[in-house]
Amino acid sequence: MNREINGEILNIPEHVAVIMDGNGRWAKKRFMPRNYGHAQGAKALEAICENCDKLGIKYLTVYAFSTENWKRSVEEVTGIMNLFRKYLVDSVERSNNANMKVNLIGKREGLPGDIVQKMDDLERLTSGNTGLQFHIAINYGGRDEIVRAVRKITEDVKNGKLISGDIDEVLFSNYLDTAGIPDPDLLIRTSGEERTSNFLPWQLAYSEFYFTDTLWPDFDMDSLIEAVRYYNKRERRFGDAK
Ligand code: FPP
């Protein structure tokens, strides 16, 4: 879809994925605790949902907490979990006002029970919304997602729902947490790191990657437009010849 943004015609990606990195460094620069940076990161997350919607982006998927993030200090993990609690509850009204449908991807197992309940509530209470489809990856690891998909497929072969010949890329995709969602067109990672850190390894196979030094709490509408501009300079061929 093309859209005029500040006098420029831009092709808007349908699905944007984001690795929100740099909250800790943002806080450190201000002599503040890391969890203050995460709280600012949560505000930037609210803003990017509004901004994606304004630009006409249909799907947004963000990496909020990886299966590896449990290794951080107890204080930081507790702070992030408390932030999730508040965010998940506050998101119900905000999402419904914005017609936004929210889904949580990742492994529910291992998360505190009350958080899982809040995740389920948010999904259920926004399931009828038809605007931006917003996916938050919590306790997510791409390899873990693939292993869970293989387990489910194996179960379905065992109980006769599938035969091995049915398994192809389309079927496999439908066993992932992102079933039914088109693959991301554009991946954004903030804070100068240039790796994907186990985020959507299957789904990002043909995506364009945009890396910026901007720290996540500073990522605003201008930063998003800059990423879309970069996307517009790329030529996507999906393995085809020119
Ligand atoms: C990366 O910054 C950020 C995280 C691991 C946590 C992401 C969490 C948020 C953006 C909070 C909001 C999310 C929700 C769903 C409320 P970092 O801590 O790795 O930063 P650093 O690399 O500068 O240390």
Side-chain angles (χ1 to χ4, degrees), residues 16-52 59-95 98 100-108 110-112 114-123 125-126 132-142 144 177 187-200 210-220 223-224 227:
V16 173
V18 185
I19 301 179
M20 309 179 286
D21 198 3
N23 296 342
R25 274 163 286 166
W26 187 92
K28 195 173 175 200
K29 272 169 67 178
R30 288 161 180 79
F31 307 102
M32 295 296 280
R34 295 179 59 80
N35 282 332
Y36 178 70
H38 294 315
Q40 293 300 313
K43 287 189 187 163
L45 186 55
E46 288 183 22
I48 202 184
C49 289
E50 285 171 27
N51 292 336
C52 281
Y59 304 86
L60 170 68
T61 303
V62 301
Y63 206 4
F65 195 81
S66 74
T67 46
E68 286 75 38
N69 284 150
W70 296 106
K71 293 180 200 147
R72 296 189 176 201
S73 73
V74 173
E75 189 192 356
E76 183 169 353
V77 171
T78 307
I80 293 176
M81 290 300 144
N82 285 335
L83 198 59
F84 288 163
R85 286 186 172 91
K86 181 169 165 23
Y87 181 88
L88 292 166
V89 171
D90 292 350
S91 287
V92 175
E93 196 182 339
R94 205 168 33 79
S95 305
M100 181 167 84
K101 180 175 170 177
V102 190
N103 277 104
L104 282 303
I105 64 169
K107 190 166 59 167
R108 297 286 212 265
L111 284 167
D114 71 301
I115 291 192
V116 173
Q117 185 61 56
K118 289 177 173 65
M119 289 160 78
D120 290 343
D121 289 347
L122 178 57
E123 283 187 337
L125 295 168
T126 63
L132 181 73
Q133 288 203 29
F134 178 37
H135 306 271
I136 313 174
I138 293 183
N139 199 23
Y140 176 88
D144 171 73
D177 296 348
L187 169 78
I188 298 171
R189 182 169 189 156
T190 57
S191 92
E193 307 297 343
E194 301 194 354
R195 54 182 177 272
T196 56
S197 300
N198 205 13
F199 187 45
L200 306 175
Y210 174 77
F211 300 109
T212 172
D213 288 338
T214 303
L215 302 176
W216 174 249
D218 293 327
F219 194 90
D220 59 10
S223 321
L224 180 61

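Atoms within a ligand are numbered from 1 in the order they appear, just like the ligands themselves. In this chain, numbering begins with 1 at the start of the sequence shown.
- The closest side-chain heavy-atom distance from Glu75 to Pro33 is not below 4.5 Å.
- Considering Lys86, Lys43, Gln40, Arg25 only, the shortest heavy-atom separation from atom 22 (O) of ligand 1 involves Arg25.
- Taking the side chain as every heavy atom from C-beta outward, Leu215 and Thr190 never approach each other to under 4.5 Å.
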(request) I would like to know whether Ile105 and Leu200 meet side-chain contact (heavy atoms from CB on, under 4.5 Å); could you show each step before the answer? (result) CA-CA 11 Å; Ile105 64 169; Leu200 306 175; 4.3 Å; yes
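- Of the protein's non-hydrogen atoms, Phe84 CE2, 3.5 Å is the one closest to atom 15 (C) of ligand 1.
- The protein heavy atom nearest to atom 20 (O) of ligand 1 is Gly24 N, 3.0 Å.
- Residue Asp21 has at least one N or O atom closer than 3.5 Å to an N or O atom of ligand 1.
- A heavy-atom distance below 4.5 Å is not found between the side chains of Asn103 and Asp177.
- Of all protein heavy atoms, the one closest to atom 9 (C) of ligand 1 is Asn23 ND2, 3.6 Å.
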(request) For side-chain contact (heavy atoms from CB on, under 4.5 Å), just list the numbers for Leu111 and Phe65, CA-CA rounded to whole Å, side-chain angles, deciding distance to a tenth of an Å, and then say yes or no. (result) CA-CA 11 Å; Leu111 284 167; Phe65 195 81; 5.5 Å; no
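- Atom CG in Asp114 sits 10.5 Å away from atom CE in Met81 (nearest 0.5 Å).
- Of the protein's heavy atoms, Ala64 O, 3.2 Å lies nearest to atom 7 (C) of ligand 1.
- Close approach of ligand 1 to Asn69 (heavy-atom distance below 4.0 Å) involves ligand atoms 5 (C).
- Close approach to Ala42 involves these atoms of ligand 1, each under 4.0 Å from a residue heavy atom: 12 (C), 16 (C).
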(message) Quick one, Asp120 with Arg108, criterion side-chain contact (heavy atoms from CB on, under 4.5 Å). Give me CA distance, side-chain angles, the key distance, then yes/no.
(response) CA-CA 10 Å; Asp120 290 343; Arg108 297 286 212 265; 3.2 Å; yes
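- Regarding atom 11 (C) of ligand 1, its nearest protein heavy-atom neighbour is His38 O, 3.5 Å.
- Annotation for ligand 1: atoms under 4.0 Å from non-hydrogen atoms of Leu45 are 13 (C), 14 (C), 15 (C).
- Looking at Met20, Arg85, Arg72, Arg34 and measuring to atom 19 (O) of ligand 1, the nearest heavy atom belongs to Arg72.
- For atom 16 (C) of ligand 1, the nearest non-hydrogen atom of the protein is Tyr87 CG, 3.5 Å.
- For the 3.5 Å distance criterion, the side chains of Arg34 and Ser73 fail to qualify, holding no donor opposite an acceptor.
- Ile19 is listed as a side-chain neighbour of Leu187, based on a closest heavy-atom distance under 4.5 Å.
- Using 4.0 Å as the threshold, Ser191 has no heavy atom nearer than that to any atom of ligand 1.
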